[in-house]
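For ligands, and for the atoms within them, numbers begin at 1 and follow the listed sequence. Since we're looking at a predicted model, the values are computed, not measured.
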Amino acid sequence: MARIVMKFGGTSVADTDRIKNVAQRVKREVDAGQQVAVVVSAMAGTTNQLVDWTRGIARMHDAREYDVVVAAGEQVTAGLLALALQDIGVNARSWLGWQIPFATDGIHGKARIEHIDTTIMEERFEQGQVAVVAGFQGIGPDNRITTLGRGGSDTSAVALAAALRAERCDIYTDVDGVYTTDPRITSRARKIDRITYEEMLELASQGAKVLQTRSVAMAMQHGVRVQVLSSFVDAPGTLVVDEDEIVEQQVVTGIAYSPDEAKVTLVGVPDRPGVAGAIFGSLADAAVNVDMIVQNVSQDGDATDLTFTVAQADLDRANHVLEGLSDELGYKQIVADAGVCKISVVGVGMRSQPGVAKTMFQTLAEKGINIQVISTSEIKVSVLISADYTELAVRALHTAYGLDAEVVG
Ligand code: ADP
Ligand code: ASP
Ligand code: MG
C-alpha cells in the first residue's frame, strides 16, 4: 500500500468549512487505498495573534514559554480535522508533536527535528487509521514543547514523509504551485511545473515563503518528492525535483523578495585585524544571523565603515550586542535602517550563462533604483534596495528576464 503525507497550511484550514473541505480531500486519498498522514498548520492568523500576545507581555520573552503559547494553534486544527474526518466516516486520530514524538534539539523557537518515531503511526496505519499531526511543533531534550520557526509545518510534513518513506509529500496551500515570483506582486507571474531542489532552496531562503527553507533542504537531503498545490482547485501543482528531471533549463527561474531585512552600518570602525571576527563572532554567539556584508575601503588606513544585514526580528538583539562592543572596538556610530528589501534572482542556468547580474543592475538603474548592497552565489544574485521600490523592482526584473506570462485576449 502506498503512503502519502498531505500538509494543509493556515488558509486551507482557516474556518470549519475549509476544514471540512480538507477532510473530503483526505477521504479521497483514503478511498483510493493510500495510507495517509496529514500535517496541519494553525488556522490563518492564529499564530500571528499568539506571537503578538507573547510580545505584548514581554518583548524579550523566555523562548520556552513562547513555544508553549505559539504551538497552541496547531493543536486546535489537529483536533478539529480529526473530528471532521470521523464525521464523514474516516477513522482518524490527532497527534501532537510530543505524542509521536517529533524529537528536536533544544533551540526553542527555531528547533530542528532530530528524530521522528513512526512506530505508533505505522501500527495505526495497519488498522486503517489516518494520523492527523499538529505541524510546527516537537519536544526538546528538556522535555518541553519546541517550535520549528515560522512556516515550520512544511518541515514537519517533509520530515514525516522522510521518516515514513512516503511516496509523496503534498503541500496544499492557497496558490496552485510555485510561481516565477510571488503572484501577489504581479499578475504576470507564471506557474512553474517543475523546479529543482536547489532553486527552490534559494528562492525559499531569499523570501519566497511558499515553502519553509528547511523543508526544502530536508526534501533534497532525503529525496522526498514534494508537490506544491492548491487546496481549493483541482489542478496539478509544482513538483520539486532533481536537476536531471528538468529538460529545458531557464537562466533565471524565479525572483524572490524579502522585506524582513534590516541594514546595520557601523561607522568609523578601526581598520585592524580581528575587528570583523569580534563583531560577527559576538553576533553569532547571540544567535543573530548575518546575511550580506560589505566593508568600505578605508580612506586613511585608520577607520572604515562596515555594513551588513540581519533579519528585522533580530535587529534589537544585534543593536544590543554591538552596543556591548562599543568600548572594545571604539567605533563612532551605529546606523540601523529597517526600510530595506532584498531582491534575488535565482536560476541554475546562471552557472553557464554570464550577464545575469548585468541585466539586473541595468534594469534597476533604468528605474532609478539605487543598489545598497550586493551579494551573489553560484545560482543567485541578490541586491538590497529601499523597501519603497520592492514591487517596481520585482515587476521590472520579471519582465527583463522574460518571465512574464503572456496576456490573454
Ligand atoms: P500556507 O499557509 O499554506 O503555509 P504561505 O502563506 O506560507 O501558505 O505560503 C503561500 C504564499 O506564498 C502564497 O500565498 C504567496 O503569496 C507566497 N509566495 C511567495 N513567493 C511565491 C512563489 N514564488 N510562488 C508561489 N507563492 C509564493
Ligand atoms: N502556524 C505556524 C506559522 O504560522 C506554522 C505554519 O503555518 O507552517 O508560522
Ligand atoms: Mg507556509
Pair Asp67-Thr146, side chain to side chain donor-acceptor pair (under 3.5 Å): steps then yes or no: CA-CA 6 Å; Asp67 277 352; Thr146 50; 5.3 Å; no
Ligand 2 contacted by Gly151 (non-hydrogen, < 4.0 Å): yes
Heavy-atom side-chain contact between Arg395 and Lys367 under 4.5 Å: no
Over 12 foreign heavy atoms within 6.0 Å of CG, Asp52: yes
Protein contact to atom 4 (O) of ligand 1 [nearest heavy atom, distance to 0.1 Å]: Lys7 NZ, 3.2 Å
Within-4.5 Å side-chain heavy-atom neighbours: Glu65 and Ile57: no
Protein heavy-atom partner closest to atom 7 (O) of ligand 1 - residue, atom, separation in Å: Lys209 O, 3.4 Å
Region of Pro183 engaging ligand 1 - heavy atom pairs below 4.0 Å: side chain
Heavy-atom check, side chain of Leu306 versus side chain of Tyr331, under 4.5 Å: no
Best match, Gly149, Ala44, Ser153, Gly135: closest heavy atom to atom 6 (C) of ligand 2: Ser153
Tyr389 vs Leu364 side-chain heavy atoms within contact, under 4.5 Å: no
Selected option - heavy-atom contact closest to atom 13 (C) of ligand 1, from Val210, Ile192, Asp154, Asp174: Asp174
Ion pair Arg18/Asp174, N-O distance below 4.0 Å: no
For atom 14 (O) of ligand 1, closest protein heavy-atom neighbour: Arg184 NH2, 2.5 Å
Closest protein heavy atom to atom 21 (C) of ligand 1, given as residue, atom name and distance to 0.1 Å: Asp182 CA, 3.6 Å
Test: Asp260 and Lys209 ion pair at under 4.0 Å: no
Aromatic plane relationship, Phe280 with Phe308 - under 30° parallel, 30 to 60° tilted, over 60° perpendicular: perpendicular
Full working for salt bridge (Lys or Arg N to Asp or Glu O under 4.0 Å) between Asp305 and Lys332: CA-CA 10 Å; Asp305 295 346; Lys332 286 209 189 80; over 6 Å; no
Identity and separation of the nearest protein heavy atom to atom 7 (O) of ligand 2: Ser41 OG, 3.1 Å
Gly152 near ligand 2 by a heavy-atom separation under 4.0 Å: yes
Pairing of Asp105 and Lys110 as salt bridge, 4.0 angstrom limit: no
Ligand 1 atoms in contact with Gly9 (distance to a heavy atom under 4.0 Å): 1 (P), 2 (O), 3 (O), 4 (O)
Taking atom 25 (C) of ligand 1 as the reference point, the nearest protein heavy atom with its distance: Gly177 O, 3.4 Å
Contact with ligand 1 for Gly151, non-hydrogen, under 4.0 angstrom: no
The one among Glu74, Arg150, Gln137, Gln212 that brings a heavy atom closest to atom 5 (C) of ligand 2: Glu74
Basic-acidic side-chain contact under 4.0 Å: Arg168, Asp170: yes
Protein contact of atom 1 (P) of ligand 1 - nearest heavy atom, named by residue and atom, plus distance: Thr173 OG1, 3.6 Å
Min N/O separation Thr180 to ligand 1 under 3.5 Å: no
Minimum-distance protein heavy atom relative to atom 2 (O) of ligand 1: Gly10 N, 3.1 Å
Ligand 1-proximal atoms of Leu203, by part, heavy-atom distance under 4.0 Å: neither
Distance-only N or O hit between ligand 1 and Ala208, under 3.5 Å: no
Residue and atom name of the nearest protein heavy atom (relative to atom 23 (N) of ligand 1), distance in Å to one decimal: Tyr179 O, 3.0 Å
